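Just the heavy atoms: all of them, side chains too, but no hydrogens, waters or symmetry mates, feed the values below. Remember, it's a predicted structure, so these values are computed and weren't measured experimentally. Counting convention: from 1, in listed order, for ligands and their atoms alike.
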Amino acid sequence: MARIADLLAAGRTASFEFFPPKNEAGWLSLGRTIAELEPLAPDYVSVTYGAGGSTRTRTADLVSWVRRQTSITPMAHLTCQGHTRADIRDILINYRAEGVENILALGGDLPVAADDHAPSDYRYSIELVHDVIEFGGFSVGVAAHPELHPRSTDRHADRGHLAEKLRVADFAITQFFFDVRHYVEMVDELTSLGVHKPIVPGIMPISNLGQVTRMAHMSGAEVPAWVIERVAKSGDDLDDAERIGVDVATEICAALLDAGAPGLHFYTLNRSWAARQIVANLGLRPTT
Ligand code: FAD
């Protein structure tokens, strides 16, 4: 196992993100996906955490499964909205006992149906970052939004809050985006704030334009017209759409690596094909 801070210090990383499946068919399918990605020797994989703790057990189960049954280093996402400090402590005790060494510390959002008055000791992710660091034993990452957090109306304040997180955390992973300039501008703005921690771009290969456009809208990302036009050329041919999506993502990844990105983090949606093609197209050697 390894700490992601050390992996990033050693060289460029390639990593994959999964969500914990809801049913047995989903677990079987994800098992196949992980078996297909493991030969690429990913530096780490990460497992999402449902809003307000809605996947608390399933996230922990998947992280532990990766830790015990594969050769891959896992990172657990953890959100703080809707949690008490005692909840967070219990979760961290469990991860430490399992030998998990990496946490992505997030603000999260309460589930839509959640009681607004559910007990929460946290408001912002920075509070969780401090608690995880104080608990000890974890390399800690945070979320970054190149096109600003969707609720943010003030660029300067949003970058300031990100800088505040990165002064204490080890690294950031970004929300997905399609225009490399957003990433480069964010890194430049953080540099001017005196922050030089690694910021790993999150890559979303497009297979279904409608689905990705909806997700982009929710996360405050823009799908540029050139991307829509390229993928739309596939018409109703889903295989062709996925192939074009891989070509687009490969171009974006190549530009990001040219711009000095310290690694690439792929949003897989629990599927391996697109991520495998992109890694092959880039000629990435996953082990450095
Ligand atoms: P914060 O850092 O708390 O920021 C949220 C907003 O508050 C921003 O607008 C920020 O500018 C503002 N803010 C921050 N600090 C302050 C302050 N001190 N004072 C005033 N304003 C402040 N969500 C999930 O539910 N589960 C997941 O597994 C998950 N994984 C993710 C992985 C990545 C790589 C990314 C980029 C996002 C992920 N998210 C996940 C989504 C994330 O939880 C949401 O975007 C959430 O709304 C904000 O999270 P954050 O960590 O950026 O929050």
Side-chain angles (χ1 to χ4, degrees), residues 4 8 13 15-21 44-60 62-63 74-83 87-88 91 95 102-114 118 120-132 140-177 182-183 186 189-190 193 195 197-204 215-221 261-270:
I4 292 172
L8 284 162
T13 57
S15 54
F16 303 105
E17 180 172 309
F18 308 123
F19 60 85
Y44 60 96
V45 297
S46 79
V47 179
T48 64
Y49 189 78
S54 53
T55 66
R56 178 170 170 170
T57 309
R58 281 185 284 136
T59 297
L62 180 53
V63 169
M75 170 166 70
H77 295 209
L78 181 55
T79 67
C80 59
Q81 286 266 1
H83 279 317
D87 292 333
I88 294 295
I91 291 168
Y95 280 135
N102 303 288
I103 299 280
L104 191 67
L106 301 150
D109 301 293
L110 285 176
V112 178
S120 180
D121 286 343
Y122 298 90
R123 184 146 185 216
Y124 298 114
S125 65
I126 182 73
E127 299 152 26
L128 178 62
V129 173
H130 282 299
D131 281 1
V132 178
V140 180
V142 294
H145 296 83
E147 295 170 75
L148 303 187
H149 186 271
R151 285 195 300 272
S152 181
T153 51
D154 181 338
R155 186 180 189 93
H156 182 70
D158 197 62
R159 291 293 188 248
H161 296 135
L162 176 57
E164 190 190 0
K165 294 195 284 192
L166 273 170
R167 286 195 185 98
V168 275
D170 296 316
F171 62 96
I173 298 181
T174 77
Q175 187 53 267
F176 68 84
F177 58 91
H182 293 305
Y183 173 80
M186 181 179 68
E189 285 164 39
L190 287 165
L193 291 170
V195 174
K197 298 274 176 72
I199 300 175
V200 180
I203 308 299
M204 175 72 82
M215 290 166 74
H217 180 70
M218 285 189 304
S219 64
L264 298 169
H265 184 71
F266 294 94
Y267 293 106
T268 68
L269 303 181
N270 288 5

**Student:** Does any N or O atom in Gln175 lie less than 3.5 angstrom from one in ligand 1, N or O only?
**Tutor:** no
**Student:** With ring centroids as reference points, do Phe171 and His265 lie under 6.0 angstrom apart?
**Tutor:** no
**Student:** Students should be able to answer this: which protein heavy-atom is nearest to atom 39 (N) of ligand 1, and at what distance?
**Tutor:** Leu106 CD2, 4.2 Å
**Student:** Can you list the ligand 1 atoms lying under 4.0 Å from a non-hydrogen atom of Arg151?
**Tutor:** 47 (O)
**Student:** Among Gly82, Ala143, Cys80, which one puts a heavy atom closest to atom 37 (C) of ligand 1?
**Tutor:** Ala143
**Student:** Just to be sure I read this right, does ligand 1 sit under 4.0 Å from the backbone of His265, its side chain, both, or neither, counting only heavy atoms?
**Tutor:** neither
**Student:** With a 4.0 Å heavy-atom cut-off (strictly under), which part of Phe19 contacts ligand 1: side chain, backbone, both or neither?
**Tutor:** neither
**Student:** Could you identify the single nearest non-hydrogen protein atom to atom 25 (O) of ligand 1 and state the distance to 0.1 Å?
**Tutor:** Tyr49 O, 3.4 Å
**Student:** Would you call the rings of Tyr183 and Phe177 parallel, tilted or perpendicular, taking 30° and 60° as the class edges?
**Tutor:** parallel
**Student:** Is it the side chain, the backbone, both or neither of Thr79 that has a heavy atom closer than 4.0 Å to ligand 1?
**Tutor:** side chain
**Student:** State the atoms of ligand 1, each with its element, that fall below the 4.0 Å cut-off from a heavy-atom position in Gly107.
**Tutor:** 49 (O), 50 (P), 51 (O), 53 (O)
**Student:** For ligand 1, which atoms have a heavy atom of Thr48 less than 4.0 angstrom away?
**Tutor:** 28 (O)
**Student:** Which of the atoms of ligand 1 are close to His145, meaning less than 4.0 Å from one of its heavy atoms?
**Tutor:** 45 (O), 52 (O)
**Student:** Can you find a protein heavy atom closer to atom 41 (C) of ligand 1 than 4.0 Å?
**Tutor:** no
**Student:** Pull out every atom of ligand 1 sitting under 4.0 Å from any heavy atom of Asp158, numbered as shown with elements.
**Tutor:** 8 (C), 9 (O), 10 (C), 11 (O)
**Student:** So which heavy atom on Val63 is nearest to which on Met75, and how close?
**Tutor:** CG2-O, 4.4 Å
**Student:** By number and element, which atoms of ligand 1 are closer than 4.0 Å to a non-hydrogen atom of Ser152?
**Tutor:** 9 (O)
**Student:** Leu104 heavy atoms, cut-off 4.0 Å: which ligand 1 atoms fall inside?
**Tutor:** 32 (C)
**Student:** Suppose we measure from atom 21 (N) of ligand 1 to each protein heavy atom; which comes out shortest, and what is that distance?
**Tutor:** His161 CE1, 3.2 Å
**Student:** Is the shortest distance from a heavy atom of Tyr267 to ligand 1 less than 4.0 Å?
**Tutor:** yes
**Student:** Protein non-hydrogen atoms only, distance under 4.0 Å: does atom 13 (N) of ligand 1 have such a neighbour?
**Tutor:** yes
**Student:** Answer side chain, backbone, both or neither: which part of Leu148 comes under 4.0 Å from ligand 1, heavy atoms only.
**Tutor:** neither
**Student:** Pairs of nitrogen or oxygen atoms closer than 3.5 Å, one from Ala157 and one from ligand 1: do any exist?
**Tutor:** no
